[in-house]
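Take a look at the structure set out below.
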Amino acid sequence: MKHSLFPFKTGFQCVLESREQLPELKQLLDLLHQEGFCGVELNLPDLEFMKPEELKELLEEHQMQMNMLATGVYAKTHGLSLSAGDPKERKRAVDGCRKNIDYAASMGCGIIIGFLKGGPDSDREYAEQLFLESMLELKPYIEKKQVQVLIEATNHKEASIIRTLEEGAQIIDRLDSPLIRLLADTYHMNIEEPSLLDSLSDYMDYYPHLHISDDNRAYPGLGSLDFAPIYWKLMERGYKGTLAVEGNIQKGLLDDTQACAAYLHETCRRLGENLIL
């Protein structure tokens with residue numbers, strides 16, 4: 001049974017590291033479809049162990065689709081940074097990003113650049129300059145492949161650059177490509193933004209996609225963040241983009257997913273009643 005309670009198309013991010021995970025992934029896909037999620041964002045540390053054709057077939061069997069290719073686990077596995085001070089290391093990161101773009105193009109989805117930006121220990125201005133150089137080098141390839149690239153604003157403990165939506169918007173303006181946009185994330189915003197709701201409103205033109213993650217980095221409903229005002233702000237401002245659940249697992253993947261879905265459906269149900277009233 002598909003739910004109509006989500007006011008926005010909502011996906012779900014998970015990691016696929018080995019074939020041993022496939023049975024649980026199949027259970028997850030069935031659960032996500034049952035709960036009304038529109039697709040998945042996959043973190044793939046190895047782009048070779050499952051070809052796009054095989055992954056497409058797997059997703060279609062479970063009535064799901066690939067929304068985005070996340071690159072965080074890939075970047076950590078291979079030690080990649082688009083703002084690395086060493087030109088050889090930065091070239092390696094650019095080449096790795098191209099591989100992810102190719103995979104995403106085959107899947108008909110976009111990619112997310114978060115951890116791939118680089119870590120938190122660099123000088124901000126220098127790291128930002130190097131990141132821009134990498135992105136400008138990638139820009140023609142992105143436009144050739146027609147793959148959407150979302151640069152995620154992540155908190156200061158994870159990155160020295162693009163920590164707020166304001167910082168991200170400045171980078172997006174300089175890159176000047178309709179295919180390169182921002183990714184907002186409620187977990188990171190709750191740490192970095194003076195007002196999460198105001199920033200969601202002020203920079204809505206820059207992000208077509210929003211990660212919803214609780215204040216403890218768990219799935220929504222498993223922490224202390226109230227997502228009702230977030231949904232309300234998005235609806236009030238006429239948000240046209242998409243959402244995706246992202247977070248760390250607490251009790252278990254399937255249990256946490258079920259609890260999160262129940263929380264989100266109840267939250268959206270209450271909002272729907274308020275709109276009717």
- Query: Ile191, Phe227: one ILVMFWY side-chain cluster at the under-4.5 Å cut-off?
  - Reply: no
- Going from CG on Leu254 to CD on Glu24, what distance comes out if it is rounded to the nearest 0.5 angstrom? 5.0 Å
- Do the side chains of Ser18 and Gln21 get nearer than 4.5 Å, heavy atoms only? yes
- Derivation of the side chain to side chain contact (heavy atoms under 4.5 Å, CB included) call for Tyr187 and Asn155: CA-CA 9 Å; Tyr187 168 75; Asn155 74 76; 3.7 Å; yes
- Task: Specify the closest pair of heavy atoms between Thr186 and Leu196, including all atoms of both residues, with the distance to one decimal.
- Result: O-CD1, 3.7 Å
- Grab the two heavy atoms, one from Ser83 and one from Lys117, that are nearest each other, plus how far apart they are. OG-O, 2.7 Å
- Item | Main-chain N/O of Glu35 paired to His265 side chain as donor or acceptor, under 3.5 Å | yes
- Note on the structure: d(Leu200 CG, Glu236 CD) to nearest 0.5 Å is 11.5 Å
- Task: Report yes if some heavy atom in the side chain of Leu130 is under 4.5 Å from a heavy atom in the side chain of Leu82; otherwise report no.
- Result: no
- Task: Report yes if the side chains of Tyr231 and Leu243 come closer than 4.5 Å at any heavy-atom pair, otherwise no.
- Result: yes
- Message: Can you confirm whether more than 12 heavy atoms, excluding those of Arg217, are under 6.0 Å from its CZ atom?
- Response: yes
- Item | Any donor-acceptor pair under 3.5 Å from Ser160 side chain to Arg124 backbone | no
- Under-4.0 Å salt bridge between Asp102 and Lys99: no
- Message: Let me check something: do Met107 and Leu150 share a hydrophobic cluster, defined by ILVMFWY side-chain heavy atoms less than 4.5 Å apart, either directly or through other members?
- Response: no
- Would you call Met68 and Leu183 a side-chain contact if the rule is heavy atoms closer than 4.5 Å? no
- Please find out if less than 6.0 Å separates the ring center of Tyr219 from that of Tyr263. no
- Query: Can you tell me how far CG of Asp215 sits from CG of Asn190, rounded to the nearest 0.5 angstrom?
  - Reply: 6.0 Å
- Message: Do the side chains of Asp95 and Lys91 get close enough for a salt bridge, i.e. N-O under 4.0 angstrom?
- Response: yes
- Item | pair Arg92-Lys88: side-chain heavy atoms closer than 4.5 Å | no
- Of all the heavy-atom pairs spanning Asp185 and Leu210, show the shortest one and how long it is. N-CD1, 4.0 Å
- Task: Quick one: closest heavy-atom pair of Lys233 and Leu197, and the distance?
- Result: CG-O, 3.8 Å
- Task: Please answer: with hydrophobic residues joined when any side-chain heavy atoms are less than 4.5 Å apart, are Met64 and Val245 in the same cluster?
- Result: yes
- Query: Are the ring centres of Tyr239 and Tyr207 closer than 6.0 Å?
  - Reply: yes
- Message: Membership question, hydrophobic clusters at under 4.5 Å side-chain separation (ILVMFWY): are Val15 and Leu28 in the same one?
- Response: no
- Message: Ignoring hydrogens and geometry beyond distance, is a side-chain donor-acceptor pair present between Glu152 and Thr154 at under 3.5 Å?
- Response: no
- Item | Side chain Lys139, main chain Asp176, donor-acceptor under 3.5 Å | yes
- Message: For Thr164 versus Glu193, what's the shortest heavy-atom pair and its separation?
- Response: CA-OE2, 3.4 Å
- Roughly how far, to the nearest 0.5 Å, is the CE atom of Met204 from the CG atom of Leu165? 10.5 Å
- Message: Run Thr242 and Asn67 through side chain to side chain contact (heavy atoms under 4.5 Å, CB included) and show every step you take.
- Response: CA-CA 10 Å; Thr242 54; Asn67 293 338; over 6 Å; no
- Taking every heavy atom of Leu42 against every heavy atom of Leu69, the minimum-distance pair comes out as O-CD1, 3.5 Å
- Task: Go through the side-chain N and O atoms of Gln148 and His209 and say whether any donor and acceptor fall under 3.5 Å apart.
- Result: no
- Query: Is it true that a side-chain atom of Arg163 and a backbone atom of Glu158 form a donor plus acceptor pair closer than 3.5 Å?
  - Reply: no
- When you measure from the side chain of Asn43 to the backbone N and O of Tyr74, does any donor-acceptor pair fall under 3.5 Å? no
- In Å, rounded to the nearest 0.5 Å, how long is the span from CD of Gln170 to CD1 of Ile161? 12.5 Å
- In this structure, are over 12 heavy atoms from other groups packed under 6.0 Å from Lys9 atom NZ? no
- Task: Measure the CD-CD distance between Glu246 and Glu41 for me, rounded to the nearest 0.5 Å.
- Result: 7.0 Å
- Ring centres under 6.0 angstrom apart (Phe37, Phe6): yes
- Query: Hey, is the main chain of Leu222 close enough, under 3.5 Å, to the side chain of Asn216 for a donor-acceptor pair?
  - Reply: yes
- Applying the 4.5 Å side-chain criterion to the ILVMFWY set and letting contacts propagate, would Ile171 and Ile142 be lumped into a single cluster? yes
- Message: Set out, in order, the CA-CA distance, both residues' side-chain angles and the distance that settles salt bridge (Lys or Arg N to Asp or Glu O under 4.0 Å) for Glu266 and Arg269, then state yes or no.
- Response: CA-CA 5 Å; Glu266 177 60 20; Arg269 183 191 65 79; 2.5 Å; yes
